[in-house]
There are 2 protein chains.
Amino acid sequence: MRLLLVEDDTLLAETLSDVLRLDNHHVTAIAEGDEARRLLSAPDHGQDLVLLDLNLPGCNGLEVLAALRQHDKETPVLILTARGAIEDRVQGLDLGADDYLAKPFALDELEARVRALLRRHTRSTALQVGNLDFDSLSQRFTLVGETLNLPPREQRLLGYLMRHAGEPIDKTRLAEEAFAGEALGDNAIEVYVHRLRRRLSGSGVELRTIRGLGYLLESV
Amino acid sequence: MRLLLVEDDTLLAETLSDVLRLDNHHVTAIAEGDEARRLLSAPDHGQDLVLLDLNLPGCNGLEVLAALRQHDKETPVLILTARGAIEDRVQGLDLGADDYLAKPFALDELEARVRALLRRHTRSTALQVGNLDFDSLSQRFTLVGETLNLPPREQRLLGYLMRHAGEPIDKTRLAEEAFAGEALGDNAIEVYVHRLRRRLSGSGVELRTIRGLGYLLESV
DNA sequence: CAGGAACTGGCAGCAACCTTACAATTCTGT
DNA sequence: ACAGAATTGTAAGGTTGCTGCCAGTTCCTG
């Protein structure tokens with residue numbers, strides 16, 4: 001998932017980013033309120049969750065929140081605030097924040113809240129390539145009616161390829177985006193592609209190699 | 001029924017818990033506002049009624065209520081507040097509380113209000129997975145016609161899994177949502193899954209494990 | 001056809017999960 | 001209040017299957 005972290009304390013921002021990346025999220029960190037507001041004002045900002053410090057240089061966190069909520073009521077916002085600023089918190093919930101966390105907080109707790117928010121807001125999306133289906137709610141792949149039971153890494157790979165079906169994706173990009181931040185061996189991707197192919201064989205869905213360009217998922 | 005009691009006065013909390021337990025309720029007592037909020041923020045917190053003191057450490061009772069009502073308009077909330085704090089009372093009812101009781105109150109009266117609220121809000125919902133049924137009114141499981149008598153923890157686990165049948169749920173999530181706030185050992189969930197499986201064996205309902213993803217309840 | 005890139009199968013290590021046993025605790029009826 | 005039963009927590013050891021790596025092969029491309 002893509003998280004936007006808006007936090008001016010550089011040290012804290014670093015720590016949080018690290019922790020969240022270990023949970024397999026793609027974290028973008030921003031220190032400036034104005035910049036955050038600009039970014040979130042785009043109709044399609046592409047973030048799945050916003051972590052928002054209220055005490056910001058440039059522009060107050062509540063302003064950022066208000067700007068976001070003007071056109072986007074969906075994306076969950078988790079507010080990070082100093083303990084005791086009660087009116088801020090109430091105001092935040094009023095403005096459409098989804099949860100808040102008082103500083104200082106335990107990292108475990110942050111992770112738990114993020115999990116909960118993402119879970120609550122993740123809408124079920126269905127993908128389809130030929131007769132291969134993916135349902136994001138149950139995280140299940142279905143191939144010609146049969147449920148495909150994939151181990152986590154194959155799942156991540158296939159999920160990514162389905163989301164970009166018809167588009168060739170090279171190994172570098174797969175390593176960076178499908179397996180963001182995870183350690184991988186030299187030919188790990190090749191091995192996973194191979195394992196996926198074995199499962200998909202004879203199903204009408206093909207995982208083609210385009211030399212020099214990458215892999216491509218398509219229905220024959 | 002499951003009641004959540006949010007009250008910082010330990011002595012009072014003890015007394016109330018005892019009384020309510022004598023009425024055959026499962027009472028969870030919490031003294032911290034923040035903890036209560038966290039617990040109730042889960043989309044599936046599993047409580048049937050919340051008794052809420054307004055004057056709390058950590059986070060105001062009204063905040064707890066606001067956070068709960070953000071996503072859950074159903075669960076009834078009974079506010080406990082000091083006599084005379086009228087504006088609190090009004091605000092509470094505004095925010096979606098269902099009833100209110102001024103301290104000090106007679107225990108009889110508390111019991112009566114709780115009965116009334118539960119009666120008013122308890123709708124019978126029936127769940128079914130294969131030939132396993134659950135009736136939320138009587139809190140009873142029925143398997144192939146036979147009543148299934150489960151200890152509390154297995155009941156909570158199976159109930160949660162039934163409400164999310166067909167969806168794989170990992171151990172973290174089970175600990176956070178099915179057993180919200182309760183302390184659990186490392187492999188507690190595994191043990192409970194094992195015990196449930198023993199009971200379900202040969203009934204046409206299966207509790208499958210999907211490595212790395214979680215557990216999944218389904219009919220074979 | 002030479003060299004690099006991608007493919008394949010096997011295997012050892014490891015983490016996730018299962019199972020069992022037993023101790024600690026709580027519930028129950030007398 | 002007590003004994004016995006049921007439930008719950010914890011630890012230990014076993015099993016499964018995912019994962020990463022390697023070595024050998026095949027396939028492309030210049």
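Quick note on labels: first sequence line is chain A, next is B, and so on, each numbered from 1.
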Peer 1: For B/H194 and D/dG9, what is the distance between atoms NE2 and P respectively, to the nearest whole Å?
Peer 2: 17 Å
Peer 1: OP1, OP2 of C/dC7 versus side-chain N and O of A/Y215: anything below 4.0 Å?
Peer 2: yes
Peer 1: Looking at D/dC18, C/dT19, D/dC21, which one has an atom nearest to any side-chain atom of B/R211?
Peer 2: D/dC18
Peer 1: Using five pairs at either end of the helix from C/dC1-D/dG30 to C/dT30-D/dA1, determine the angle between the two local helix axes and round it to 10 degrees.
Peer 2: 40°
Peer 1: So which atom in B/L200 and which in B/L143 form the shortest heavy-atom distance, rounded to 0.1 Å?
Peer 2: CD2-CD2, 4.1 Å
Peer 1: Report yes if a side-chain nitrogen or oxygen of A/T209 is closer than 4.0 Å to either non-bridging phosphate oxygen (OP1 or OP2) of C/dC7; otherwise report no.
Peer 2: yes
Peer 1: Would B/M1 and B/L49 satisfy side chain to side chain contact (heavy atoms under 4.5 Å, CB included), going step by step from the backbone distance to the final call?
Peer 2: CA-CA 8 Å; B/M1 294 281 111; B/L49 171 70; over 6 Å; no
Peer 1: Would you indicate what B/D186 reaches in the nucleic acid, counting non-hydrogen atoms under 4.0 angstrom: base, sugar-phosphate, or nothing?
Peer 2: nothing
Peer 1: Side chain of B/N187, heavy atoms from C-beta onward: which of C/dT19, C/dC17, C/dT8 has the nearest atom to it?
Peer 2: C/dT19
Peer 1: Would you indicate what B/R195 reaches in the nucleic acid, counting non-hydrogen atoms under 4.0 angstrom: base, sugar-phosphate, or nothing?
Peer 2: base
Peer 1: State, without any angle test, whether B/Y160 and B/R173 hold a side-chain donor-acceptor pair at a distance under 3.5 Å.
Peer 2: yes
Peer 1: What is the nucleic acid contact for A/V193, judged by heavy atoms within less than 4.0 Å: base, sugar-phosphate only, or nothing?
Peer 2: nothing
